[in-house]
Number of protein chains: 2
Amino acid sequence: MATLTQRTERRANALSKERIVEAAIEILDADGEGALTFRALAARLKTGSGAIYWHVADKSELLAAAADQLVAGLTTGAKTDLPPREVIRALALGVFDVIDAHPWIGGQLSRDPWQHAVLRILEGVGAQVQALGVPRPIQFNATTAILSFILGLAGQYAAGARFFASGSDRATLLGAIADKWERLDPVAYPFVRQVAAQLPEHDDREQFLAGVDLILAGIETVR
Amino acid sequence: MATLTQRTERRANALSKERIVEAAIEILDADGEGALTFRALAARLKTGSGAIYWHVADKSELLAAAADQLVAGLTTGAKTDLPPREVIRALALGVFDVIDAHPWIGGQLSRDPWQHAVLRILEGVGAQVQALGVPRPIQFNATTAILSFILGLAGQYAAGARFFASGSDRATLLGAIADKWERLDPVAYPFVRQVAAQLPEHDDREQFLAGVDLILAGIETVR
DNA sequence: ACCTGAACACCGTTCAAGT
DNA sequence: ACCTGAACACCGTTCAAGT
């Protein structure tokens with residue numbers, strides 16, 4: 001009886017890749033990229049740091065698995081009854097929202113473009129580019145253009161999150177950057193100075209969608 | 001006499017931010033991102049690791065300065081006698097070539113989009129977007145779309161370089177990835193499987209330029 | 001003012017030893 | 001088979017002490 005309880009308890013608390021990834025996501029969401037260490041993870045899972053290596057090869061696999069789990073959530077539930085253009089927009093916004101909610105994913109996606117999470121996005125976008133009627137030879141180029149754009153923004157978002165972690169909030173940060181931009185040399189940086197005023201008030205999500213629409217418009221010209 | 005020689009020698013070997021950045025670039029180019037440590041840098045400069053902190057705030061400032069030096073080389077020499085569209089293409093290709101020659105810059109640019117090097121690119125692209133006749137309200141969106149695309153590719157390139165550093169060359173790496181892609185589930189990954197064959201033989205530079213052209217085509221539709 | 005280099009507070013990863 | 005936790009080989013950064 002005692003052994004049985006012990007055994008089921010042990011099984012309930014047993015380490016597994018799923019439990020490790022789950023705990024990693026909790027740490028990343030709560031305290032950001034910098035907080036995920038094998039020691040912190042082991043403490044949260046009440047185990048030794050070496051135990052994690054029985055289930056996970058190394059830190060990069062762990063991060064890839066964490067990112068994949070969250071990205072999988074939005075690529076598997078894709079609706080196909082909308083026009084391809086709208087599916088691409090929805091998918092892109094889905095990625096944006098996941099990065100917005102979990103900024104560490106931004107860093108992870110842009111750091112390793114060959115991880116599975118990125119493959120999911122590539123497939124999701126590519127299938128719709130195909131459905132859009134884009135000629136075969138340029139389907140790959142059109143798809144990777146959208147993907148690169150998404151990954152570029154992912155990196156930017158992650159960088160923003162690293163700043164927020166160090167205290168200040170979004171508005172303060174953008175205000176400070178806009179200030180710096182306005183003080184740049186007018187001869188060398190006319191455009192940046194002109195655009196500085198838009199920086200603090202601009203909507204990231206809207207700007208992101210505008211970029212996607214621009215690329216889609218470009219794709220339509222070659223269709 | 002002896003003191004004079006000593007003093008001039010000391011001055012010639014004196015540490016400065018320029019010499020530190022120069023040495024950092026040499027290390028990064030020769031052995032990649034992972035090789036740049038303050039200890040390696042100090043050894044190369046024949047000084048103590050703490051001495052570097054007198055001239056440079058921390059590692060991120062050092063990397064930003066290194067990236068900025070190489071990016072400055074191509075934004076300052078821009079020709080303005082070409083049509084805006086061609087200047088954008090040339091600038092984008094310039095960034096591509098710098099990243100191709102120094103892959104660590106890719107990681108650095110995508111990691112911190114508010115560093116000066118990125119600002120230079122933003123200005124270079126933005127000024128031409130303006131010259132292109134794009135309406136004011138969407139100049140910012142159009143410019144950041146191109147910038148995000150460039151930074152997305154920068155991250156991908158840096159990731160590739162990290163692989164090459166671990167032994168295998170470009171062709172082997174892409175071949176291995178294409179192999180993995182072809183073995184994916186046909187139901188879940190039809191597009192990726194179809195596109196796998198193009199992966200090992202495709203030209204990065206060409207694909208990059210195709211992406212830029214796609215965005216430019218999109219921008220022209222709203223002009 | 002500028003430099004030295006030991007010391008501090010961390011990392012990811014390994015591995016003999018346990019169960 | 002799975003887990004423990006000390007140990008290894010690193011990091012970036014600091015700082016008392018030198019010149």
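None of these values were measured; they are calculated from a predicted model. Protein chains get the first letters and strands the later ones, always in sequence-line order, with residue 1 at the start of each. Computed from heavy atoms alone, side chains included, the values below leave out hydrogens, waters and symmetry copies.
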Results of side-chain contact (heavy atoms from CB on, under 4.5 Å) for [X] - residues two or more places apart only:
X	answer
B:Pro103	B:Ala161
B:Ala210	A:Asn141
B:Lys180	none

Counting heavy atoms from C-beta on, name the nucleotide in D:dT14, C:dC2, D:dC3 closest to the side chain of A:Leu15.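 Looking only at side-chain atoms, A:Leu15 lies closest to D:dC3.
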
For A:Gln115 and A:Gln108, indicate whether the former's side chain and the latter's backbone hold a donor-acceptor pair under 3.5 Å.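 Side chain of A:Gln115 to backbone of A:Gln108: a pair is present.
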
Treating B:Arg39 as the side-chain partner and B:Ser49 as the backbone partner, does any N or O pair qualify as donor plus acceptor under 3.5 Å? no

Distance in angstrom units between [X] [atom1] and [N] [atom2], rounded:
X	N	atom1	atom2	result
A:Ile20	D:dC2	CD1	P	12 Å
B:Trp54	D:dT14	CH2	P	14 Å
B:Lys46	C:dC3	NZ	C1'	16 Å
B:Tyr53	D:dG12	OH	P	7 Å
A:Phe38	D:dC11	CZ	P	19 Å

Residues from residues 55-66 of chain B sitting under 4.0 Å of DNA chain C, heavy atoms only?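 Correct list: B:His55.
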
Which residues share a side-chain hydrogen bond (donor to acceptor under 3.5 Å, both in side chains) with [X], sequence neighbours left out:
X	result
B:Gln198	none
A:Glu123	none
A:Glu22	none
A:Asp179	none

Which part of the nucleic acid does B:Leu36 contact within heavy-atom distance under 4.0 Å: base, sugar-phosphate only, or nothing? sugar-phosphate

What's A:Leu45 touching, base or sugar-phosphate or nothing? Going by heavy atoms closer than 4.0 Å. nothing

Sequence neighbours excluded, which residues qualify as ring-ring contact (aromatic ring centres under 6.0 Å, His included) partners of A:His55? none

Once ring-ring contact (aromatic ring centres under 6.0 Å, His included) is applied, do any residues pair with B:Phe208, and if so which ones, sequence neighbours excluded? B:Phe96, B:Phe149

Between the protein and nucleotides 5-10 of chain D, which nitrogen or oxygen pairs are less than 3.5 angstrom apart?
residue : atom : partner : partner atom : Å
D:dG5   : O6   : A:Gly50 : N            : 3.4

Dot-bracket pairing map - DNA chain C, Watson-Crick plus G-U, both contacts under 3.5 Å, | cross-strand: ||.|||||...|||||.||

